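None of these values were measured; they are calculated from a predicted model. Worth knowing before you read on, the calculation uses all heavy atoms, side chains too, and leaves out hydrogens, waters and symmetry mates. Throughout, numbering of the chain's residues begins at 1 and tracks the sequence.
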Amino acid sequence: QVQLVESGGGLVQAGDSLRLSCAASGRAFSNYAMGWFRQAPGKEREFVGCINWSGISTDYADSVKGRFTISRDNAKNTVSLQMNSLQREDTAVYYCAARPVSKAYASRYEYDYWGQGTQVTVSS
């Protein structure tokens with residue numbers, strides 16, 4: 001089992017950058033694939049990006065591709081989401097999620113553990 005805590009959210013202006021972090025506690029973090037998801041008011045939780053256990057393989061939603069980058073540090077039990085060129089449409093609560101397998105998936109239904117979320121608000 002793993003516990004996840006996100007941090008780094010805040011209020012920024014369009015075009016700014018923000019870096020979210022997700023700290024994991026528990027055993028064998030390197031055995032987990034990790035995902036980032038977001039949920040805007042009145043909308044379903046949607047996939048942002050994911051990273052496999054080693055950090056070699058990543059995948060992104062088309063809406064963030066080229067702007068967001070996921071990385072992980074297995075020695076520090078953390079996964080990060082670097083968000084550049086933020087847009088108003090990126091406003092949402094961002095969640096990290098963990099899946100106890102090596103391969104990462106885009107579907108939220110594949111993930112077993114979730115953090116509490118961190119709010120990102122982008123103003124124009």
Side-chain angles (χ1 to χ4, degrees):
Q1 189 168 350
V2 63
Q3 292 79 42
L4 305 172
V5 178
E6 302 95 335
S7 61
L11 173 63
V12 297
Q13 292 188 334
D16 285 352
S17 297
L18 203 59
R19 186 177 182 88
L20 305 183
S21 293
C22 175
S25 60
R27 288 187 166 185
F29 173 72
S30 61
N31 289 348
Y32 289 79
M34 301 296 295
W36 283 97
F37 294 79
R38 66 187 182 186
Q39 188 166 17
K43 295 187 177 181
E44 290 193 355
R45 192 168 299 188
E46 66 174 5
F47 170 71
V48 173
C50 60
I51 188 167
N52 76 330
W53 68 277
S54 67
I56 291 178
S57 177
T58 58
D59 190 20
Y60 299 93
D62 288 342
S63 59
V64 307
K65 202 168 291 184
R67 299 189 298 123
F68 290 11
T69 303
I70 295 176
S71 60
R72 66 188 296 161
D73 186 337
N74 287 341
K76 296 182 178 179
N77 285 11
T78 59
V79 61
S80 299
L81 180 66
Q82 177 67 41
M83 305 186 293
N84 298 330
S85 302
L86 283 162
Q87 304 167 357
R88 286 190 64 183
E89 297 73 39
D90 296 318
T91 294
V93 177
Y94 283 71
Y95 299 89
C96 70
R99 170 185 166 94
V101 293
S102 59
K103 179 177 169 59
Y105 291 88
S107 171
R108 67 181 188 266
Y109 301 108
E110 298 286 348
Y111 291 85
D112 300 289
Y113 305 102
W114 293 83
Q116 83 290 347
T118 185
Q119 176 71 47
V120 172
T121 303
V122 184
S123 65
S124 59

Rounded to the nearest 0.5 Å, the CE atom of M83 sits from the CZ atom of R67 at a distance of 9.5 Å
Donor-acceptor pairs are to be reported for all side-chain atoms of residues 14-24 against protein atoms at under 3.5 Å, with residues two or more places apart or in another chain.
| residue | atom | partner | partner atom | Å |
| --- | --- | --- | --- | --- |
| D16 | OD2 | Q13 | N | 3.1 |
| S17 | OG | N84 | OD1 | 2.9 |
| R19 | NH1 | Q82 | OE1 | 3.1 |

Is it true that V64 and V120 fall in one hydrophobic cluster, defined by side-chain heavy atoms closer than 4.5 Å?
yes
CG of L81 to CZ of F68, rounded to nearest 0.5 Å, is 6.0 Å
Interatomic distance, OH@Y32 vs CG@D112, rounded to 0.5 Å, equals 8.0 Å
Output for pair (S124 OG, R88 CZ), nearest 0.5 Å, gives 4.5 Å
Determine yes or no for a side-chain-to-main-chain donor-acceptor pair under 3.5 angstrom, with T91 supplying the side chain and V122 the backbone. yes
Min side-chain heavy-atom separation F29-T78 under 4.5 Å = no
Review item, side-chain donor-acceptor pairs of residues 95-105, under 3.5 Å, at least two apart:
| residue | atom | partner | partner atom | Å |
| --- | --- | --- | --- | --- |
| R99 | NH1 | E110 | O | 3.1 |
| R99 | NH1 | E110 | OE1 | 2.4 |

dist M34:CE -> N74:CG (nearest 0.5 Å) comes out at 9.5 Å
Q.
Under the criterion side-chain contact (heavy atoms from CB on, under 4.5 Å), I'd like the reasoning laid out for I70 against W36: C-alpha separation, chi angles, the key distance, then a yes or no.
A. CA-CA 8 Å; I70 295 176; W36 283 97; 3.8 Å; yes
Q.
For the backbone of N77 and the side chain of D73, can you confirm whether one donor and one acceptor N or O come within less than 3.5 Å of each other?
A. no
Only distances under 3.5 Å count here; give the side-chain donor-acceptor pairs of residues 37-47 to other protein atoms, sequence neighbours excluded, each with its distance to 0.1 Å.
| residue | atom | partner | partner atom | Å |
| --- | --- | --- | --- | --- |
| R38 | NE | E46 | OE2 | 2.6 |
| R38 | NH1 | D90 | OD1 | 2.9 |
| R38 | NH1 | Y94 | OH | 2.9 |
| R38 | NH2 | E46 | OE2 | 3.2 |
| Q39 | OE1 | R45 | NE | 3.3 |
| Q39 | OE1 | R45 | NH2 | 3.4 |
| Q39 | NE2 | K43 | O | 3.1 |

Spell out, as yes or no, whether a donor-acceptor pair under 3.5 Å connects the side chain of T118 to the backbone of G9.
yes
Rounding to 0.5 Å, atoms CH2 (W53) and CZ (R72) come to a distance of 9.0 Å
